[in-house]
Amino acid sequence: WQRLLKSINKYEGFLDGVFGPVTAKAMQSWLKGLGFYGGWIDGQFGHLSTKGLQSFLRSKGLYSGRIDGLRGPLTVKAEQEYLNDQRKYQ
């Protein structure tokens, strides 16, 4: 996520592969800007943030599971598919 977010000027941290608070804030800001997240930009990627991510992934046709806020195997698989697809354009 860091590389993608950096490429669209949403992430200013180091590309260290760690999904910590800085990455979470960038994700929340990105999802909010796209209209998929309505919570605080607080760096805590919890249920509400995950619901936003699931909704975004569903809008791309990558996630068919429940919008439940749980980052389970279906969510992770959809994330991987999205990120792999985006790498083609970077």
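Quantities reported herein were computed from a predicted structural model and do not represent experimental measurements.
Between atom CE of residue Met27 and atom CG of residue Leu4 there is a gap of 8.5 Å, rounded to the nearest 0.5 Å. The distance from the CZ atom of Phe19 to the CD atom of Gln2 is 8.5 Å, given to the nearest 0.5 Å.
Each salt bridge (charged side-chain N to carboxylate O under 4.0 Å, His left out) pair with one or both residues in residues 5-32, not counting sequence neighbours, would appear here, but there are none. Annotation: ring-ring contact (aromatic ring centres under 6.0 Å, His included) contacts involving residues 59-79, sequence neighbours excluded, are absent. Listed by first and then second residue, the salt bridge (charged side-chain N to carboxylate O under 4.0 Å, His left out) pairs that reach into residues 46-67 come to none, sequence neighbours excluded.
Under the salt bridge (charged side-chain N to carboxylate O under 4.0 Å, His left out) criterion, Lys77 pairs with Glu81, not counting sequence neighbours. With sequence neighbours left out, Phe36 forms a ring pair (Phe, Tyr, Trp, His ring centres under 6.0 Å) with Phe56. Residues satisfying the salt bridge (charged side-chain N to carboxylate O under 4.0 Å, His left out) test with Arg71, not counting sequence neighbours, are Glu79. In this structure, the side-chain hydrogen bond (donor to acceptor under 3.5 Å, both in side chains) partners of Asn84, at least two apart in sequence or on a different chain, are Arg87. Residues passing the side-chain hydrogen bond (donor to acceptor under 3.5 Å, both in side chains) test with Thr50: none are found, sequence neighbours excluded.
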**Request:** Starting from the C-alpha separation in whole Å, work towards a yes-or-no answer on side chain to side chain contact (heavy atoms under 4.5 Å, CB included) for Leu70 and Thr75.
**Result:** CA-CA 8 Å; Leu70 300 176; Thr75 305; over 6 Å; no
Using atom types as modelled, flag every donor-acceptor pair under 3.5 Å from a side chain in residues 41-48 to any protein atom, sequence neighbours excluded.
residue : atom : partner : partner atom : Å
Asp42   : OD1  : Gln28   : NE2          : 3.1
Asp42   : OD1  : Gln44   : N            : 2.9

